[in-house]
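Contents: one structure, followed by commentary.
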2 protein chains.
Amino acid sequence: MAAATLKNIQKCPTSYVLAIQDTLNAFQGKWKMPIIGTLLFGKKRFKEIEREIPKITPRMLSQELKDLEMNGIISRTVYATSPVTVEYELTKSGKQLSKVVEAMLEWGLQHRRANMLELLPILQSKTA
Amino acid sequence: MAAATLKNIQKCPTSYVLAIQDTLNAFQGKWKMPIIGTLLFGKKRFKEIEREIPKITPRMLSQELKDLEMNGIISRTVYATSPVTVEYELTKSGKQLSKVVEAMLEWGLQHRRANMLELLPILQSKTA
DNA sequence: TATAGCGGTATACAATAGTATACCGGTATC
DNA sequence: GATACCGGTATACTATTGTATACCGCTATA
């Protein structure tokens, strides 16, 4: 079987497109990346996440956590303490998202370098 | 200098976060991925892109092309034919986005496989 | 008994994103 | 002269997202 790479997209365009859409979906909205980001450093409780992400409201956090759970990216565990303790953790699949984030990081850094090099002469001619 | 990887994010958290945000931004909205996707196969004219992306309106296409151009992801070239011919093409940096898309594709495919394996026993017990 | 923390939910609203539809000037074709 | 293609823009609207604010039952602590 051919490797699943963009060059082979003609072989099964629909499932490739769906796969990419799934990934985009995992990061969709203002808060998914911050949430995934904090969970990449380990399991956390609701209020912990809330404290680590400035300005997020409990409504949004609750909503996005549900969404991520439904999509199999995080798991929610309730411990029968009293009152209950709830822990959120990336699933195996969720942890793999770090590869995508890594690729995003690399692109973002190189893109900023490239744009900087393009802007430099312009900035210099303005200040000269 | 340390490699720019997520494990080193403590070293310059702000610029790492900005870099990731830039990448997310490149794909933000309903139409950016389809547009980038078609341009990964080569330069195209406005109406060509419009025809290749079902249901996109010229308003959205125009808006998103401007946005991508401003962010240094595509370039717009006007040829002095009459009437004018306009060509859109990924910049060098834009072409590098294929690496990110590739990572998204891989994650999406493995995630679907993983979820399928999880759902299978459930589906089987329902039909049994 | 009052206060604070936990893990959220409810309601109402504001802002952003996307759609529908029609139209523009220029040119080549029938 | 009418129609169609090019590369878009204008206006008005709808739908989706996100925010603000207040509140819930429960429990531990002062």
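Chain letters run A, B, ... following the sequence lines, proteins first and then strands; every chain starts at 1. Side-chain atoms are counted along with the backbone in the values below, which use heavy atoms only and exclude waters and symmetry mates.
Under 3.5 Å, the side chains of T5(B) and E102(A) contain a donor-acceptor pair of N or O atoms. Side chains of K99(A) and Q96(A): a donor-acceptor N/O pair is present below 3.5 angstrom, by distance only.
Among the heavy atoms of the strands lying under 4.0 Å from R59(A) is at least one base atom, whether or not backbone atoms are also near. Residue Y88(A) is in sugar-phosphate contact alone, with no base atom involved, counting any heavy-atom pair closer than 4.0 Å across all strands shown. Note on T57(A): nothing from the nucleic acid sits closer than 4.0 angstrom, heavy atoms only.
Interatomic distance, NE2 of H111(B) versus CG of L109(B), reported as 11.5 Å (0.5 Å rounding).
The distance from atom NZ of K47(A) to atom P of dT27(D) is 17 Å, rounded to the nearest whole Å.
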Under 3.5 Å, which donor-acceptor pairs link side chains of residues 40-57 of chain A to any protein atom two or more places apart or in another chain?
unit_1 : atom_1 : unit_2 : atom_2 : d
K44(A) : NZ     : T38(A) : O      : 2.9
E48(A) : OE1    : R45(A) : N      : 2.7
T57(A) : OG1    : M60(A) : N      : 3.3

Report all interatomic pairs (protein N or O, nucleotide N or O of nucleotides 14-17 of chain D) with separations under 3.5 Å.
none

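Note on residues 18-28 of chain B: pairs passing side-chain hydrogen bond (donor to acceptor under 3.5 Å, both in side chains), not counting sequence neighbours, are R112(A)-D22(B). Listed by first and then second residue, the ring-ring contact (aromatic ring centres under 6.0 Å, His included) pairs involving residues 73-92 of chain A amount to none (not counting sequence neighbours).
With hydrogens and angles ignored, the 3.5 Å screen pairs no side-chain donor or acceptor of T91(B) with any backbone N or O of S75(B).
For the pair T85(B) and W31(A), nearest-nucleotide mapping onto DNA chain D gives the more 5' position to T85(B).
Partners of E64(A) under the salt bridge (Lys or Arg N to Asp or Glu O under 4.0 Å) rule, at least two apart in sequence or in another chain, are K32(A).
Counting 5' to 3', DNA chain C first comes under 4.0 angstrom of a heavy atom of chain B and last does so at the ends given by dG18(C) to dA28(C).
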